[in-house]
Every structure is written in C-alpha cells, then in structure tokens.
Amino acid sequence: TELAAAGGSLFRSVKINGKEALDLSRKTEFVLTTADGRVFSSGAQNATRLTVEESGPLRAIIRTEGVHKAEDGTSLFEYVCRLFFHAGSPWFEVEYGFVNKESAETTGIASLTLSVPLAPVRSPYLGLTSEYKIDRFYEFRGPFSIYSGAEDLFGVFGGARIFTADGTEMLGMGYESEVRARWWADSSTAERGLTVSIQEMTQNYPKAIRVSPETVNIDLFPAKEKKPLAFRQGWQKTHTLLMYFHEGNGKDAQSRELCFKWQAQVIPWSPYHVASGSLGDLFPYSPEKYPMIERALRGWFSAYESGVGRGMIDYGDTTGSGSGERANFMQNNAFDTSWVAYLLFLRSGERRYWQRARSAALHTADIDIVHHSTRTPVEVGGVRIHGDNHVQYNAEAIEGSSVCPNHEWVEGLLMTYHLTGEARYLDLAVGMAEHILRARKAGWISPRYNAKWNGARNLAWPLLLLTMVYDETGNSKYIEEA
C-alpha cells in the first residue's frame, strides 16, 4: 500500500498490488458542519505541515497539521492527524484530533465525517459487518450503516445498531436476540475492499459508519442528532480509527478477526516493570499473601468504574457525587486517575486497569487541559478543575480562571508517554509546567491564599509537577522555579 498526503486530500493515493483503491477525482477529507449550516473541510487546502514524528523498526508515525476551511476562505478548528504504521501489518491507524481556538465560548457542531471515496469497479459489491454476541455475519448488496448512541449498552447486550439503505433498523425477535454490530464495517468488490473501525465507538457515542459501493463515511459526530455538540473554547477531541485496504471481500481478508484483535490490543505489560524498579517502587501484586488488600483495591476500583462517564466529551472521566451547585460536576480525573490506574495495571497486568488509565489520560489530554483561552491566557496548558460540564470559572477564587494549581497533576501523562511512546503526552506535561511558571508569576500559588480552604496543596501539587517534569526533561529551570 502506498500513501501520500498532498493536494488537500488526506491520501493522494492508496494502491493494492499496484491497483488504485481510491477514486482520485474526489478527496479523502474530514468535513465539519456547524450548527448554523457552515461547511468546513480539511481538504479545502493542503496540510500546513507534514512531519515524520517517529521512524523505527516496529512503528512509524506520520503527522499532518492543518485547519478546516470553507469555500469562502474562512477557517474553523485546527487539526492534527497522525498515521500509525506497524511493521508487517497491512492495516494502519488514523488518529485525528481537532481543537477549538475560536473566540466564542462554544461552537456548535452539527456533523463531523471522514469521507473515503472508493475507486469505481464493475464487479459485484459486498457490504459486511458481524454480530456483537455470536458468530454471524451480516451481508449487504447495497448501502448500510451502523450507529452507536446513548442507548447502547455494554456486556452481552452491547453493540451498534444496524440500518439498511432506506433507514430501516434491523431488529431481532426480542431483547435478548437484538441485532447488534461489533463496531466495524467493510465495503468490498473482487478487486478491492476497505475495512474501518472506530476505537471505543460505543463509549464515545454518538458515532456511525456508513458504507456504500462508492464511499465509506466515518461519522465522528453523525448528522441529524437531536441537538448539536456544544464544543467549548479550549477543548480538543481525538479519535483513533482503523483502516484496512485489502484484496477481495471482508471475509477472505479476515476483517472481523482483525477488528476484534484491534479493539482489544496487546497491552504493554511485563513482570519486569515491578521486579526491575525501573518505574519506581511498586507494591507487587500479592493475592495469596494479602488477599484482603487485593480484594479491597479491586472493590474500590469497581466502585470508581461505576461512575465513569460515557459519550464524546465525558468518556474517560467520572461524574461527581455532589448536589446543589455541584450536582452536574464532572471530576476532571481528580486526583490523577490515570496515574492510579497505571499503578494498578503495572503491578497486576490486568486489562481493565490499562483501558481505564488510557481513557483517563486521553480525556485529560483532550478535555481537561486548556488548549486556548481568550478569557485568561495564563490558564493555557493547565488542567481545569472539576465543574459543570467539565468547566468551573473563578476556580478556587482565582478570577476568570477555570484552572487552579492545587488541582493539577502530571504523572499520568508522563506514564502514558513511557508506556506508549506517544510524544504528545510528554509535550502536554511540559506545557503544564510552563503554565505553572506563569501561574506563579501571576500570584496564583504563593500565600496569601485565595480561598479559605486553600493550604498546603497550593504549593504541594505545583512542587510535585515541576520536579517531575525536571526529572523527565533535565531542564534546570523547572527545579530552580520549584
């Protein structure tokens, strides 16, 4: 497979054994429609920057950056799109993130879609997906779609709803025999096929995949939702997609098996993590020696998981337990949820801890960290304190700010970087340290404290953050400022 980013299209060309898989008269692009009907596209102009972010024997990462443009030349939301290629694998991953740096407090999103135009062919078409619960394929000779919304459940009754070309939902005989898809879809002919999947599709609802002989549309926010997505200034959102261009149909290409494995990837665990001490002094997993401690840890984590939010903005965070002014609070992963989950993962190797740590770190990176602020520029790079819909202004009596230094933590981001090698988590940690330096100069940290409940944590969390980033980077200004 040959890929290139140029001419405004995400891919200039994709070839399978020398044959073009794309319709080159149309662009592979992200198309964003606002609540007031304006349309912006990543394909309206070339990417502003293309870099090789990583090049190694096992993985290569290509990073493209740009902005969504409208036909009249106006722009909306910068984006970063990374392509992950793995040695020996015929598939690759697309990680797409966009950030709101508009002046308005919120921007309404009516739809957001990645459109992939497929090369026209004459041979018969086969659309394909598979049942969530049992060994069954669903075959289509025309367009179809799968959709995950707020009503989707986990466990044995989970999965995406399936719709035929005319919008009719495929239904089973009853609740326990519902028709549900396993979050992947394929469009194939004898000459070429494309399989796609969305990582944690149900958890990040609403999501849809629309498949036809001519196009595969991946709806990161489907059109015709009951109301637009109110996307706040300073928020970012990242999605990861699987793309597998292949010969023949999806069955012959073993697309189902690939997607099952991709949705539950191999986790980077080894007993060496604890035994070596390379990641600190970790309490070894000891179910035989300390069964009550292990039982208590598992019970506490299960209680935490029961409060994990779902949906495009809330997933990876937990809901608050307050009332009154705090009734709608999201916790914004206080106090460093991803770090706690990583510790549990490293000592036990259990997937549940890994999945929760990764989702919490991604939520912190996207929603909790302030990526832009016209209200209070000092807060850029900082972590927002818990609040209604993830935002609370005048936090800890700091006028105009949604962040405060006694609610900021960095160890989960750094551990994500170490366990995945993804440099953006290190960049965000360094950005947080830079924010702390600005906050100190602004008088947000040192006494006199702003609110009656402030105290040692006003100094303690910034001290920990600066020393951790110094330890990671070796940059002496962080330890000197600490």
Side-chain angles (χ1 to χ4, degrees), residues 30-42 66-70 72 74-80 96-114 149-150 203-208 219-239 309-320 325-333 362-395 398-404 407 428 431 435:
F30 293 93
V31 180
L32 189 157
T33 304
T34 60
D36 58 5
R38 295 177 296 155
V39 179
F40 299 84
S41 167
S42 65
V67 64
H68 306 88
K69 285 274 189 179
D72 62 5
T74 57
S75 60
L76 181 74
F77 296 170
E78 297 174 6
Y79 72 85
V80 172
Y96 164 78
F98 60 94
V99 61
N100 184 358
K101 295 185 178 180
E102 301 302 303
S103 59
E105 190 71 21
T106 62
T107 300
I109 299 175
S111 66
L112 176 59
T113 297
L114 171 59
Q203 294 93 319
N204 282 286
Y205 75 83
K207 295 287 179 284
D219 294 328
L220 302 180
F221 189 81
K224 300 181 180 179
E225 289 295 307
K226 292 181 179 179
K227 59 182 180 179
L229 175 67
F231 201 71
R232 283 186 177 271
Q233 182 192 85
W235 277 357
Q236 178 176 282
K237 182 60 185 178
T238 303
H239 295 89
R310 291 181 58 237
M312 189 168 171
I313 303 302
D314 293 345
Y315 182 59
D317 198 8
T318 51
T319 55
E325 292 182 354
R326 291 181 172 235
N328 298 313
F329 267 31
M330 297 298 293
Q331 295 290 72
N332 286 9
N333 284 313
L362 182 57
H363 184 277
T364 297
D366 277 352
I367 304 299
D368 297 341
I369 288 179
V370 181
H371 298 276
H372 181 75
S373 176
T374 55
R375 184 190 295 248
T376 311
V378 173
E379 69 180 357
V380 173
V383 175
R384 281 186 162 126
I385 192 173
H386 43 71
D388 186 3
N389 195 24
H390 306 279
V391 179
Q392 175 195 166
Y393 283 113
N394 304 320
I398 302 174
E399 185 176 357
S401 177
S402 62
V403 309
C404 52
H407 278 72
L428 290 169
H435 149 73

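We use all heavy atoms of the structure for the numbers below, so side chains are in, but hydrogens, waters and symmetry mates are not.
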Task: Separation between CG of Asp366 and CH2 of Trp235, rounded to the nearest 0.5 Å - done: 11.0 Å
Task: Side-chain heavy atoms of Tyr393 within contact of Arg384, under 4.5 Å - done: yes
Task: Heavy-atom pair of closest approach, residues Lys237 and Met312 - done: NZ-O, 2.9 Å
- [ ] Hey, could you give me the NE2/CZ distance between His68 and Phe77, rounded to the nearest 0.5 Å?
- [x] 8.5 Å
TODO: Give the ring-plane orientation class for Tyr96 versus Phe30, where under 30° counts as parallel, over 60° as perpendicular and anything between as tilted.
DONE: parallel
TODO: Name all residues meeting the side-chain hydrogen bond (donor to acceptor under 3.5 Å, both in side chains) criterion together with Ser111; count only those two or more places apart in sequence or in a different chain, and write none if there are none.
DONE: Thr33
Task: Results of ring-ring contact (aromatic ring centres under 6.0 Å, His included) for Phe221 - residues two or more places apart only - done: none
Task: Nearest-0.5 Å distance that lies between atom CZ in Arg232 and atom CG in Asn389 - done: 5.0 Å
Task: Residue pair Ser373 / Val370: nearest heavy atoms and the distance that separates them - done: CB-CG1, 4.1 Å
Task: salt bridge (charged side-chain N to carboxylate O under 4.0 Å, His left out): pairs with one or both residues in residues 367-382, sequence neighbours excluded - done: Glu105-Arg375
TODO: Might you work through the side-chain contact (heavy atoms from CB on, under 4.5 Å) test for Asp317 and Ile367, ending with a clear yes or no?
DONE: CA-CA 10 Å; Asp317 198 8; Ile367 304 299; over 6 Å; no
Open item on the list: Would you say that Val31 contacts Val39 through its side chain, given a criterion of any heavy-atom pair below 4.5 Å between the two side chains?
Closed with: yes
Open item on the list: Just to verify, what does Lys69 make a salt bridge (Lys or Arg N to Asp or Glu O under 4.0 Å) with, not counting sequence neighbours?
Closed with: none
Task: Inter-residue atom distance Cys404.SG - Ile385.CD1, 0.5 Å rounding - done: 3.5 Å
- [ ] Go through the structure and list residues passing side-chain contact (heavy atoms from CB on, under 4.5 Å) with Thr34, not counting sequence neighbours.
- [x] Leu32, Asp36, Arg38, Phe40, Leu76
Task: Contacts of Tyr205 that satisfy side-chain contact (heavy atoms from CB on, under 4.5 Å) - sequence neighbours left out - done: Ala150, Arg310
Task: Atom pair OG (Ser402) and NE2 (His386), whose distance is rounded to the nearest 0.5 Å - done: 12.5 Å
Task: Asn394 (side chain) donor-acceptor with Gly400 (main chain) under 3.5 angstrom - done: yes
TODO: Taking side-chain contact (heavy atoms from CB on, under 4.5 Å) as the test, write out the residues that go with Val80, two or more places apart.
DONE: Arg63, Glu65, Arg82
Task: Reported NE2-to-CG distance for the pair His407 and Asn333, which is rounded to 0.5 angstrom - done: 12.5 Å
Task: Heavy-atom side-chain contact between Leu220 and Phe98 under 4.5 Å - done: no
Task: Under the side-chain contact (heavy atoms from CB on, under 4.5 Å) test, residues paired with Thr374 that sit two or more places apart - done: Gln233, His372
Task: salt bridge (Lys or Arg N to Asp or Glu O under 4.0 Å) against Glu225, all qualifying residues, sequence neighbours excluded - done: none
Task: Partner set under salt bridge (Lys or Arg N to Asp or Glu O under 4.0 Å) for Asp314, not counting sequence neighbours - done: none
Task: ring-ring contact (aromatic ring centres under 6.0 Å, His included) against His363, all qualifying residues, sequence neighbours excluded - done: His390
TODO: State, with a plain yes or no, whether a side-chain heavy atom of Val403 is found less than 4.5 Å away from one of His435.
DONE: yes
TODO: Specify the closest pair of heavy atoms between Pro222 and Pro206, including all atoms of both residues, with the distance to one decimal.
DONE: CD-O, 3.4 Å
- [ ] Apply side-chain contact (heavy atoms from CB on, under 4.5 Å) to the pair Thr319 and Met330, showing each step before the final yes or no.
- [x] CA-CA 5 Å; Thr319 55; Met330 297 298 293; 3.7 Å; yes
Open item on the list: If the condition is side-chain hydrogen bond (donor to acceptor under 3.5 Å, both in side chains), which residues does Ser103 pass it with, not counting sequence neighbours?
Closed with: none
